[in-house]
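Per chain, numbering begins at 1; letters A, B, ... match sequence-line order. Values in this document were obtained by computation on a predicted structure and should not be read as measured data.
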Amino acid sequence: MDIVAQLNDQQQQAVMSGLGPMLVLAGPGSGKTRVLTQRIAFLISAMGVKPYHILAVTFTNKAAREMEERVIDLIGDYTRGLTLGTFHATCARILRREAEHLPFESNYVIFDADDQLSLVKRAVQDLNLDDKRYRPASVHNAISNAKNELFLPENYPINNYRDEVVQRIYVRYHELLLASNALDFDDLLLWTAHLLQSNPAVRDKYARRYEHVLVDEFQDTNLAQYTLLKHLASFHKNIFVVGDTDQSIYRWRGADYRNVLRFEKDYQDSRVILLEQNYRSTQAILDVAMAVIDRNPYRTPKNLFTEREQGEKVVLHEAYDDRSEASLVVDTIAGMVARDQANPGDFAVMYRTNAQSRLLEEAFLHAGLPYKLVGAQRFYGRREIKDIIAFLRLVHNPSDEVSLTRVINVPTRGIGTKTYRLLRTQAQQRGVSPGEYLCNLSLQTDSESNDELAGRARKVLENFSKLLTHWKGKKSQLSPLALMDQILEDTGYHSYIDDGTDEGNDRWENVMELRRLASEFQDSTLEAFLERVALVSDQDTLDSSSNAPTLLTLHAAKGLEFRVVFITGLNDGTLTHSRSFDDPEAMMEERRLLYVGITRAKDRLYLLYSQNRSAYGYSEPVEASRFVWDIPEELVTSVHPIQPRRRVGKQVPSRPERWSFSESTDSDPRATTHPSYHAGMRVIHPTWGDGMILNSRLQDNDEIVDIFFENVGLKRVVASIAQLEIKS
DNA sequence: ATGGACAATGTTTTT
DNA sequence: CATTGTCCAT
């Protein structure tokens with residue numbers, strides 16, 4: 001069987017290229033995963049390369065898993081020994097193996113975003129700094145950027161006084177991490193790059209091993225990743241990277257698409273292949289995509305083409321507000337499913353910010369339709385999940401102080417801030433971490449005990465110490481799941497979290513879901529389970545099993561495809577997020593983000609924006625996104641809402657909004673419904689008496705009026721319900 | 001030490 | 001508006 005028979009010329013050239021550096025610039029839907037997987041299969045089966053000598057890295061576990069499956073599909077089970085994983089997971093493994101060369105132990109834990117933030121907070125406190133002036137989130141951002149640019153604390157670049165302070169926080173943060181035997185996400189890359197750079201023996205070991213290095217989504221690598229790749233490929237120099245600068249959307253995370261240019265410079269003998277044929281979308285969708293992306297300056301123009309049909313025109317839909325935008329999406333989906341034009345699982349709804357999912361979820365709930373939401377944070381960020389994981393992490397690595405402080409008093413066992421502070425100073429005096437000290441506490445005899453830690457405090461701490469040592473003793477015999485069950489039982493976590501309310505029930509359900517996840521690690525280690533849990537990506541939470549529409553951010557949508565795509569919230573300030581306005585580079589990235597969204601669609605695409613949008617609870621008029629005006633009119637079907645209908649009584653709101661296809665409506669549809677109240681008008685309310693109108697606006701087919709009453713102050717009323725009388 | 005009530009405060013995107 | 005933190009009463 002010829003494994004490359006089904007490829008086009010460019011793809012074949014890429015797959016069968018010989019040795020040396022190779023850059024594949026692959027437009028959306030051009031089969032880049034295919035090229036990567038076939039390349040691996042080709043190396044193994046045709047070139048006789050041992051899988052052990054191949055390294056392939058991706059950004060998400062999902063991409064890695066998919067690639068592995070496809071390679072196995074091609075060449076069967078000849079992939080044993082192949083290193084295929086995400087950047088972070090691959091680095092994590094190298095660091096565990098090489099821990100002897102590094103200032104942490106091999107059983108280190110990985111701190112997630114929350115842990116990192118609380119550690120920065122601690123660092124700021126330790127230095128007696130004002131956390132208003134040095135907001136942990138912003139400081140952490142600075143530290144993260146520094147790490148991505150390979151700056152260790154001592155090399156942190158200083159341009160002003162603030163930088164000096166940030167450096168001090170960075171130094172302290174770094175100490176705290178090491179004291180907890182923990183690494184943050186950025187450390188995984190930083191330490192690996194640093195190790196390879198500074199230790200020639202280790203570098204050589206890996207560089208000689210990896211005869212071939214393959215990289216997916218190369219445009220999203222940051223300097224740390226670029227550097228470590230360079231070292232890993234430093235011996236054989238067979239580095240095969242695939243990417244698309246037009247899909248670079250992680251600049252804020254340190255990604256630098258100029259690594260593509262750097263690649264061509266660093267590897268003078270590299271060859272470049274362009275993949276321009278798109279196998280995913282209709283021509284109509286591609287036309288819109290190109291109209292959007294062409295406006296970005298300084299890009300290498302790509303000529304995307306497809307052999308697919310022209311297809312349906314892209315629909316550009318204006319809605320009255322974000323709520324009707326959401327019901328519009330749901331109604332359209334329900335309609336197409338009812339008419340048998342698509343399955344529920346064919347749809348994806350995309351948005352710029354996670355907060356936008358709420359209204360969509362409500363709309364789906366209201367219509368009684370199931371949906372699936374992509375987002376790991378939603379699950380792993382929950383209190384009960386974090387608690388359980390903290391227990392497990394503590395058992396694995398008692399030095400983890402963030403976990404210790406999290407659960408030492410969960411459920412409450414009489415250890416408050418005071419007792420904890422006592423524990424901390426005692427541990428400090430002995431030069432060990434609080435967790436380690438705690439582990440030894442129950443082993444101490446009375447003669448060893450000291451006066452300061454006695455009485456009640458000692459008793460409650462000893463209680464927890466016994467629990468911890470008990471679990472630690474069992475960890476080697478028990479699977480992650482069994483250990484988890486033991487912890488749940490010993491702490492009485494069920495009765496603690498499930499108080500009988502719906503919410504409590506939900507929380508316990510979540511714990512059960514985590515149990516299910518742990519059960520997949522029956523034959524694996526606690527370490528592997530913890531690592532997996534720490535490094536899940538949002539995309540990994542996507543389950544393809546249920547046939548329901550998918551809700552996800554544009555960022556999470558990268559690399560995926562759907563038959564029908566809705567992109568919602570195409571308004572200035574939302575898609576072009578307001579935080580990007582003052583930065584041209586950021587604005588270009590917003591455009592790429594939209595481009596990524598558009599090119600996810602195979603058959604149909606709906607672009608939606610609204611006249612009003614609510615932020616902080618208040619609805620405000622907004623402009624359509626500036627990107628909307630970049631799309632030539634003839635490429636889309638424009639739809640505008642007819643006048644919002646008045647709602648009477650308690651009628652259910654979510655009826656399909658009627659569509660009026662207006663290619664050229666001269667009259668503004670809004671002109672037909674004026675508010676009946678204006679600022680300054682005087683009115684009488686049956687119970688509140690005399691008042692003056694402050695403002696009035698249309699919302700949900702009704703009029704919302706803010707009135708200042710002489711006797712009762714400011715009130716907000718719904719015009720159709722309040723019996724207002726206008727005073728002349 | 002604990003838990004409830006209130007106020008302030010803040011929203012991109014995520015491995 | 002919704003989450004998070006701080007204060008105060010038990």
Between atom [atom1] in [X] and atom [atom2] in [N], what is the gap in whole Å?
X	N	atom1	atom2	result
A:Arg579	B:dT13	CZ	P	10 Å
A:Leu95	B:dT15	CG	C1'	15 Å
A:Asp112	B:dT15	CG	C1'	11 Å
A:Glu217	B:dT15	CD	P	13 Å
A:Asp184	B:dT14	CG	C1'	13 Å
A:Ile110	B:dT15	CD1	C1'	10 Å
A:Leu554	B:dT13	CG	C1'	9 Å
A:His555	B:dT15	NE2	C1'	12 Å

Mind checking what makes salt bridge (charged side-chain N to carboxylate O under 4.0 Å, His left out) contact with A:Glu561, not counting sequence neighbours?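 Residues passing salt bridge (charged side-chain N to carboxylate O under 4.0 Å, His left out) with A:Glu561: A:Arg280, A:Lys602.
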Taking only residues two or more places apart in sequence or in another chain, which ones pass salt bridge (charged side-chain N to carboxylate O under 4.0 Å, His left out) with A:Glu149?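 Applying salt bridge (charged side-chain N to carboxylate O under 4.0 Å, His left out) to A:Glu149 gives none.
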Strictly by salt bridge (charged side-chain N to carboxylate O under 4.0 Å, His left out), give each pair with a member in [range] just once, sequence neighbours left out.
range	answer
residues 131-143 of chain A	none
residues 402-426 of chain A	A:Asp387-A:Arg406, A:Glu401-A:Arg424
residues 574-583 of chain A	A:Arg251-A:Asp583

Are A:Trp252 and the base of B:dT13 stacked, counting only ring centres nearer than 5.5 Å and planes tilted under 30°?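 Stacked: ring centres under 5.5 Å, planes under 30°.
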Ion pair A:Arg299/A:Asp246, N-O distance below 4.0 Å: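 Here A:Arg299 pairs with A:Asp246 in a salt bridge, since their nearest N and O are under 4.0 Å apart.
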Would you call A:Lys62-A:Glu66 a salt bridge at under 4.0 Å N-O?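 Answer for the salt bridge query: yes.
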When you measure from the side-chain N and O atoms of A:Asn354 to the phosphate of B:dT11, is any distance below 4.0 Å, counting only OP1 and OP2?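 So the side chain of A:Asn354 is outside the cut-off, no N or O lying under 4.0 Å from OP1 or OP2 of B:dT11.
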Mark up nucleotides 1-7 of chain B, 5' to 3', with B wherever a protein heavy atom is under 4.0 angstrom from a base atom, S wherever such an atom reaches only the sugar-phosphate, and - elsewhere. SSS----
Interface limits on DNA chain C, where chain A has a heavy atom under 4.0 Å of a nucleotide atom: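 Answer, 5' to 3': C:dC1 to C:dG5.
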Which nucleotide wins on minimum distance to the side chain of A:Lys132, given the candidates B:dT11, B:dT9, B:dT15?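 Between B:dT11, B:dT9, B:dT15, the one nearest the side chain of A:Lys132 would be B:dT9.
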Closest-nucleotide ordering on DNA chain B, the 5'-leading residue of A:Phe59 and A:Ser580: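 Nearest-nucleotide comparison on DNA chain B picks A:Ser580.
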ring-ring contact (aromatic ring centres under 6.0 Å, His included) with A:Phe104: which residues, sequence neighbours excluded?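 For A:Phe104, the residues satisfying ring-ring contact (aromatic ring centres under 6.0 Å, His included) (neighbours in sequence not counted) are A:Tyr108, A:Trp191.
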With A:Phe391 via ring-ring contact (aromatic ring centres under 6.0 Å, His included) - residues at least two apart: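 Testing A:Phe391 for ring-ring contact (aromatic ring centres under 6.0 Å, His included), a comparison that skips the adjacent residues, returns A:Trp471.
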Taking any heavy-atom pair under 4.0 Å as a contact, classify A:Arg251: base, sugar-phosphate, or nothing.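 No contact.
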Sugar-phosphate, base or nothing in reach of A:Lys62, heavy atoms under 4.0 Å: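 Answer is nothing: A:Lys62 stays at 4.0 Å or more from every strand.
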